[in-house]
Enquirer: 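The structure that follows is given in the form of structure tokens.
Since this is a predicted model, take the numbers as computed values, not measurements. Chain letters run A, B, ... following the sequence lines, proteins first, then strands; residues in each count from 1.
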Number of protein chains: 2
Amino acid sequence: MSDISRDHGGRGAPPGRIGIGLELDSTHLKILEVLRENGRISVAALAERVGISRANAYTRFEALRADGAIKRFTAEIDHGRAGLGITALIFVTVRQVMWRQFRAELARMPEVEYCAITTGQHDAMIQVRVSDVSEVHTLVTDRLANIPAVKATETVFILDEVMRRPYVLPSDQRPRPRRQPQESAPADVPLGKMRFVGAAEGRAALRKD
Amino acid sequence: MSDISRDHGGRGAPPGRIGIGLELDSTHLKILEVLRENGRISVAALAERVGISRANAYTRFEALRADGAIKRFTAEIDHGRAGLGITALIFVTVRQVMWRQFRAELARMPEVEYCAITTGQHDAMIQVRVSDVSEVHTLVTDRLANIPAVKATETVFILDEVMRRPYVLPSDQRPRPRRQPQESAPADVPLGKMRFVGAAEGRAALRKD
DNA sequence: GTTGAAATTAGTACGAA
DNA sequence: TTCGTACTAATTTCAAC
């Protein structure tokens, strides 16, 4: 099973935790940056591109894998070519107490490529890939609807995947002035059309079952 | 730039298109299946696992790359370890005529890991990774809000990524009885709590600007 | 599409800076 | 720690079958 959550009591480490093990320096990040673009590069070539010795590259490479900073290497496939040209997002509202059951059922659905727990109106978003639009219908009405943990769903189709970056590193971002902890976010930003949906706020709308 | 859309007039090939070039047989799919789990496996080991000769594996491997069925190899990183522990989904409503501009702006935002055009209430979903919750706020209110193409946004946070499969192959799915083209989807499925959101239907709700 | 042997490259170990 | 070198194992290429 491809479950990226670590087994600390059933939920993954909350996002935001950093550096439990290995302390990553700029050389480590440079290595990750090369590897995200070319996961099959040889360690020798990697060493050269990063500007370190081959031996050092081997050491760091292994450390990154052992530490879990690199979770795995994978090939990105053209899903259309592979016969799975239909992609859909299914937003699911889950009965919170039945969360474990929901996860177990998900694991049994190979069409599911990605699942994340979100704040907002729904509790989870799952991304599925199938070969035919009718399969989405079958999947949602037959499979998902039959999971007692599932309270409601909302499905949208993906018409085009405009961008997929392997991942992003802090080094990609332009340096931002470090904000002091007690300093709050700037309050003078014109909000207007922008809307943030917190977990409690959004969920309240669905609490009428 | 990491743009997975091919340049046929600015939009990628619509999902559902299959086999423009290479015809993929079951051996090709088996190769992809191995490569999705271990992108760094040697071709020799790959050949053994698939049950073909090395030379054959090299030929097919190269063909898959050249054809574009394998788009690239990449390392999956633990974003938290790399200092980008905050993940958010931003649903964006775009002024359709300004779509090109929106894409151009997206390309200039390294925080964006994924962007897909969807049916439903919004027009696009983007996934961003940053190191701090406040950066999401800055990103949405400062960067996105200043793009004229952006009409409205809705932001949710990802609390946990429960599952990420490298991709899914048709061979993963259990064989389904092939439905004849004129046959429609079964109409006797109890719908109830399930909801599909088509592009037109959902968008009508936002057409009040 | 397969096998096997040559050339190249990868991975490891270890002493020196 | 990191580097450089030398040594061993494995991989890729390319030939003939």
Side-chain angles (χ1 to χ4, degrees), chain A residues 18-78 81-83 166-167 169-172, chain B residues 18-78 80-83 166-167 169-171:
Chain A
I18 177 173
I20 307 163
L22 188 64
E23 201 62 42
L24 302 189
D25 59 23
S26 67
T27 307
H28 285 120
L29 291 180
K30 247 186 262 179
I31 291 173
L32 295 179
E33 203 156 327
V34 173
L35 252 23
R36 79 173 171 178
E37 279 161 20
N38 183 2
R40 270 185 90 86
I41 194 172
S42 72
V43 181
L46 174 68
E48 198 185 12
R49 283 194 52 178
V50 174
I52 55 176
S53 72
R54 221 151 61 89
N56 193 1
Y58 275 108
T59 309
R60 286 167 175 273
F61 182 86
E62 259 320 304
L64 286 169
R65 295 199 79 169
D67 182 61
I70 298 172
K71 287 187 290 194
R72 71 177 147 197
F73 292 94
T74 188
E76 270 183 30
I77 271 47
D78 186 318
R81 292 274 159 102
Y167 66 93
L169 286 180
S171 52
D172 289 337
Chain B
I18 177 173
I20 307 163
L22 188 65
E23 201 61 41
L24 302 189
D25 60 22
S26 68
T27 307
H28 284 119
L29 291 180
K30 249 187 260 180
I31 290 173
L32 295 179
E33 203 158 326
V34 173
L35 252 23
R36 77 172 172 182
E37 279 160 20
N38 183 4
R40 272 185 89 84
I41 194 172
S42 72
V43 181
L46 174 68
E48 198 185 14
R49 284 194 52 180
V50 173
I52 54 176
S53 71
R54 282 155 300 155
N56 192 358
Y58 276 106
T59 308
R60 286 166 175 275
F61 182 88
E62 262 318 306
L64 286 168
R65 294 199 79 168
D67 182 63
I70 299 173
K71 286 186 290 194
R72 70 177 147 198
F73 291 94
T74 186
E76 270 183 30
I77 273 41
D78 185 318
R81 292 272 161 104
Y167 66 92
L169 286 181
S171 52

Enquirer: Run the side chain to side chain contact (heavy atoms under 4.5 Å, CB included) test against S53(B) and tell me which residues pass, sequence neighbours left out.
Expert: A55(B), N56(B)

Enquirer: Salt bridge or not for D25(A) and K30(A), using N-O below 4.0 Å?
Expert: no

Enquirer: Just the rounded figure in Å: distance from P of dC14(D) to OH of Y58(B).
Expert: 11 Å

Enquirer: Please report the distance, rounded to the nearest Å, between CD in E48(B) and P in dA10(D).
Expert: 13 Å

Enquirer: I52(A) vs R60(A), test: side chain to side chain contact (heavy atoms under 4.5 Å, CB included). Steps then yes/no.
Expert: CA-CA 10 Å; I52(A) 55 176; R60(A) 286 167 175 273; 4.0 Å; yes

Enquirer: Classify every nucleotide of nucleotides 1-9 of chain D by which part a protein heavy atom approaches to under 4.0 Å, writing B for the base, S for the sugar-phosphate alone and - for neither, in 5'-to-3' order.
Expert: -SBB-B---

Enquirer: Using side-chain heavy atoms (C-beta onward) and a distance below 4.5 Å, is L64(B) in contact with R81(A)?
Expert: no

Enquirer: Filter on ring-ring contact (aromatic ring centres under 6.0 Å, His included), then keep only pairs touching residues 30-68 of chain B, sequence neighbours left out; what's left?
Expert: F61(B)-F73(B)

Enquirer: Carefully, step by step, assess R49(B) and E33(B) under the rule side chain to side chain contact (heavy atoms under 4.5 Å, CB included).
Expert: CA-CA 10 Å; R49(B) 284 194 52 180; E33(B) 203 158 326; over 6 Å; no

Enquirer: Indicate every side-chain donor-acceptor pair of residues 39-48 of chain A with a distance under 3.5 Å to a residue at least two apart or in another chain.
Expert:
unit_1, atom_1, unit_2, atom_2, d
R40(A), NH1, G39(B), O, 2.8
R40(A), NH1, I41(B), O, 2.8
R40(A), NH2, I41(B), O, 2.9
S42(A), OG, A45(A), N, 3.1

Enquirer: Rounded at 0.5 Å granularity, tell me how far CG in D67(A) sits from CG in D78(B).
Expert: 8.0 Å

Enquirer: Nearest-Å distance, CD (E62(A)) to C1' (dA10(C))?
Expert: 13 Å

Enquirer: Keeping T74(B) on the side-chain end and E37(A) on the backbone end, is there a donor-acceptor pair under 3.5 Å?
Expert: no

Enquirer: For DNA chain D, what residues of residues 38-46 of chain B have any heavy atom nearer than 4.0 Å?
Expert: S42(B), V43(B), A44(B)

Enquirer: What is the distance, to the nearest angstrom, from the CZ atom on R65(B) to the C1' atom on dT12(D)?
Expert: 15 Å

Enquirer: For the helix from dG1(C)-dC17(D) to dA17(C)-dT1(D), measure the angle between the helix axis at one end and the axis at the other, each built from five pairs, rounding to 10°.
Expert: 30°

Enquirer: Distance check, rounded to the nearest 0.5 Å: L29(A) atom CG versus L24(A) atom CG?
Expert: 6.0 Å

